[in-house]
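First comes the structure, then the notes that go with it.
A, B, ... follow the sequence lines: proteins, then strands. Residue 1 opens every chain. Hydrogens, waters and symmetry mates play no part in the numbers below; they use all other heavy atoms, side chains included.
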Number of protein chains: 4
Amino acid sequence: MAKGLNKVMLIGHLGGDPESRNTASGQTVTNFTLATTESFKDATGTWQEKTEWHRIVTWGKLAEICSQYLKKGRQVYVEGRLQTRSWDDQKSGEKKYTTEIVCTDMQMLGSARDQGTGNGGQGGAADTGMSGYDRSPRYTTAPKGTSTGSGDYPQQSSGPMIESEKDDLPF
Amino acid sequence: MAKGLNKVMLIGHLGGDPESRNTASGQTVTNFTLATTESFKDATGTWQEKTEWHRIVTWGKLAEICSQYLKKGRQVYVEGRLQTRSWDDQKSGEKKYTTEIVCTDMQMLGSARDQGTGNGGQGGAADTGMSGYDRSPRYTTAPKGTSTGSGDYPQQSSGPMIESEKDDLPF
Amino acid sequence: MAKGLNKVMLIGHLGGDPESRNTASGQTVTNFTLATTESFKDATGTWQEKTEWHRIVTWGKLAEICSQYLKKGRQVYVEGRLQTRSWDDQKSGEKKYTTEIVCTDMQMLGSARDQGTGNGGQGGAADTGMSGYDRSPRYTTAPKGTSTGSGDYPQQSSGPMIESEKDDLPF
Amino acid sequence: MAKGLNKVMLIGHLGGDPESRNTASGQTVTNFTLATTESFKDATGTWQEKTEWHRIVTWGKLAEICSQYLKKGRQVYVEGRLQTRSWDDQKSGEKKYTTEIVCTDMQMLGSARDQGTGNGGQGGAADTGMSGYDRSPRYTTAPKGTSTGSGDYPQQSSGPMIESEKDDLPF
DNA sequence: TTTT
DNA sequence: TTTT
């Protein structure tokens with residue numbers, strides 16, 4: 001008996017606007033960074049803040065939604081799984097590792113008008129977007145075990161390692 | 001408004017026996033790797049397995065328990081938060097990053113006699129250990145926000161970056 | 001604005017064998033109870049145990065798997081969402097409420113040979129079953145937001161409240 | 001080997017202002033209801049919304065914070081564990097059950113000015129509150145296993161069942 | 001490097 | 001009603 005659980009849940013703010021690209025097979029991939037902040041008392045008893053940065057990658061329909069509605073500063077809930085990729089860094093010749101959260105569920109928190117730098121000054125478009133959001137369901141991609149042979153799942157992980165996509169690396 | 005959620009939950013098997021050390025301040029730090037395995041259908045519709053490896057670090061009392069009771073192959077539940085550390089790699093002169101799960105809750109799954117290579121053939125010691133475990137509570141360290149000025153929390157994160165401990169880096 | 005997160009994650013042991021039935025529409029529904037145990041120090045400083053009982057309901061393919069492989073005493077991980085149903089109790093004429101976990105992901109923990117009363121002494125059938133399990137993926141039903149108009153999702157929640165199914169109420 | 005996991009994570013909006021009381025032992029207890037909303041396609045393919053209501057109970061320091069800062073309509077993240085209590089209903093003579101989430105972590109989401117009916121029209125007080133919040137840590141109570149013999153933990157669960165507090169029942 |  |  002084996003199998004496992006690999007789950008990450010984050011609430012934080014986007015560090016920048018999401019970036020999208022398309023794989024050779026036509027899937028959308030969207031990346032963004034997310035900051036989660038914790039407060040804690042240090043040795044002297046004063047409150048300190050510590051921010052942790054996370055690399056989020058999302059695929060397919062959810063990637064399109066993230067690309068369309070998320071902006072720098074927006075507060076979101078992200079659920080997904082941990083994935084560590086390795087690649088050979090051209091410059092140093094070293095093998096490098098990146099750990100990302102493959103996002104399978106995302107929810108916008110707070111209200112549109114309350115959010116960061118992104119939504120301001122973009123007029124009706126963002127508004128239309130948000131009200132579209134208001135009436136839509138939770139943004140979710142099917143968990144691994146439920147994919148029904150669509151054939152695009154393996155590309156979720158292998159895609160980013162394809163040689164020609166190297167400069168799409170998320171950071 | 002800020003603050004955040006940074007939570008990881010894993011169920012998997014230890015890739016090796018845990019390794020412990022003590023910080024200058026006397027805290028115990030225990031590291032181990034955890035494999036989580038997922039199955040999915042590939043493009044041809046056949047089932048594939050994919051294993052993800054996670055670096056777990058745990059502190060204080062929980063570190064001692066992990067060191068004492070966990071063995072290679074043991075199935076556990078791990079809860080914690082993501083933390084990415086950077087350091088300057090001496091060999092290459094490159095800055096490198098490691099993402100770890102700072103474990104704040106751990107639970108052994110299955111039964112002792114059912115577990116990997118570790119518990120077998122080690123006689124009474126492991127047994128005593130397990131029955132000690134059986135009567136003890138869930139192994140947990142206090143979350144960041146609840147530390148009450150004990151002064152050792154910051155060492156949880158800053159400890160591993162102290163110069164003199166560089167060769168204690170978990171990988 | 002809006003939407004939400006409603007997530008439950010449990011690790012515990014089944015209090016009895018699962019019970020299955022079929023809805024009018026042909027869906028399988030499987031119910032079981034799950035015990036989660038916590039230890040804590042009481043006012044006198046001695047360790048106490050407290051067991052919480054949870055009512056689990058699962059639908060469709062996952063219901064079939066639970067029915068087939070789970071037995072009294074088996075340790076499992078259950079993920080799902082909270083759902084409170086009300087019904088008019090015939091005897092008392094009172095309105096009553098039941099809170100259940102609608103299970104959308106289940107994983108067996110430990111090994112088959114290590115588990116409760118169920119698997120022992122039932123010969124090859126259970127064994128065949130278990131090895132079938134071993135090669136299959138994580139048992140998951142699609143989250144609400146991802147159903148693609150298949151038409152059977154609403155029956156997950158509305159089904160149990162249909163008049164003709166009243167005496168199928170899980171407890 | 002046993003022990004278990006009993007975890008609930010919710011993101012939703014308060015259905016009303018929190019209500020607080022004090023136990024005989026001087027602990028603060030705060031109750032509120034939380035609505036989580038999900039969208040799903042029904043059998044006809046149209047989007048439907050379903051709201052689930054949750055009863056939240058929180059203790060001690062966290063109860064004081066909830067009482068002070070949360071208002072009807074406010075969006076929050078709640079983490080806790082499921083607990084089912086029973087009591088004898090005086091009117092009907094029936095045994096009744098209530099399932100609650102014993103909240104051990106809470107975080108306010110969105111911004112103060114963006115929140116429901118509660119904060120509006122209350123002038124500076126709410127503002128002071130919120131900026132206090134901005135500088136404070138995550139609101140958390142220690143998990144069960146980490147209580148260090150303070151003696152008040154058992155009252156978390158037994159408190160609400162004390163005869164004289166019956167009319168404090170959360171609903 | 002784990003597990004089934 | 002489970003488990004250790």
Rounded to the nearest Å, what distance is computed from the CG atom of residue C:Leu14 to the P atom of nucleotide F:dT1?
15 Å
Pick from D:Arg55, D:Arg85, D:Arg81: which one makes a salt bridge (charged side-chain N to carboxylate O under 4.0 Å, His left out) with D:Glu100?
D:Arg85
Which nucleotide in F:dT1, F:dT2, E:dT2 has an atom nearest any side-chain atom of B:Trp53
E:dT2
Output the rounded distance in Å from CD1 (C:Ile11) to P (F:dT3).
17 Å
Quick one: salt bridge (Lys or Arg N to Asp or Glu O under 4.0 Å) partners of B:Glu64, sequence neighbours excluded?
none
Starting at CG of C:Leu34 and ending at P of F:dT3, how long is that distance when rounded to a whole Å?
12 Å
Rounded to the nearest angstrom, tell me the gap between atom CZ in C:Arg74 and atom P in F:dT1.
23 Å
From CD of C:Glu19 over to C1' of F:dT1, roughly how many Å is that when rounded to an integer?
11 Å
B:Lys50 NZ to E:dT2 P, straight-line distance once rounded to whole Å
18 Å
Taking any heavy-atom pair under 4.0 Å as a contact, classify C:Thr51: base, sugar-phosphate, or nothing.
base
For a quick check under 3.5 Å, do B:Asp42 and B:Gln48 share a side-chain donor-acceptor pair by atom type?
yes
Between P on E:dT3 and NE2 on B:His13, what's the gap in Å once rounded to a whole number?
7 Å
Over how many whole Å does the gap from B:Ile56 atom CD1 to E:dT2 atom C1' extend?
12 Å
Taking side-chain hydrogen bond (donor to acceptor under 3.5 Å, both in side chains) as the test, write out the residues that go with B:Thr84, two or more places apart.
B:Thr99
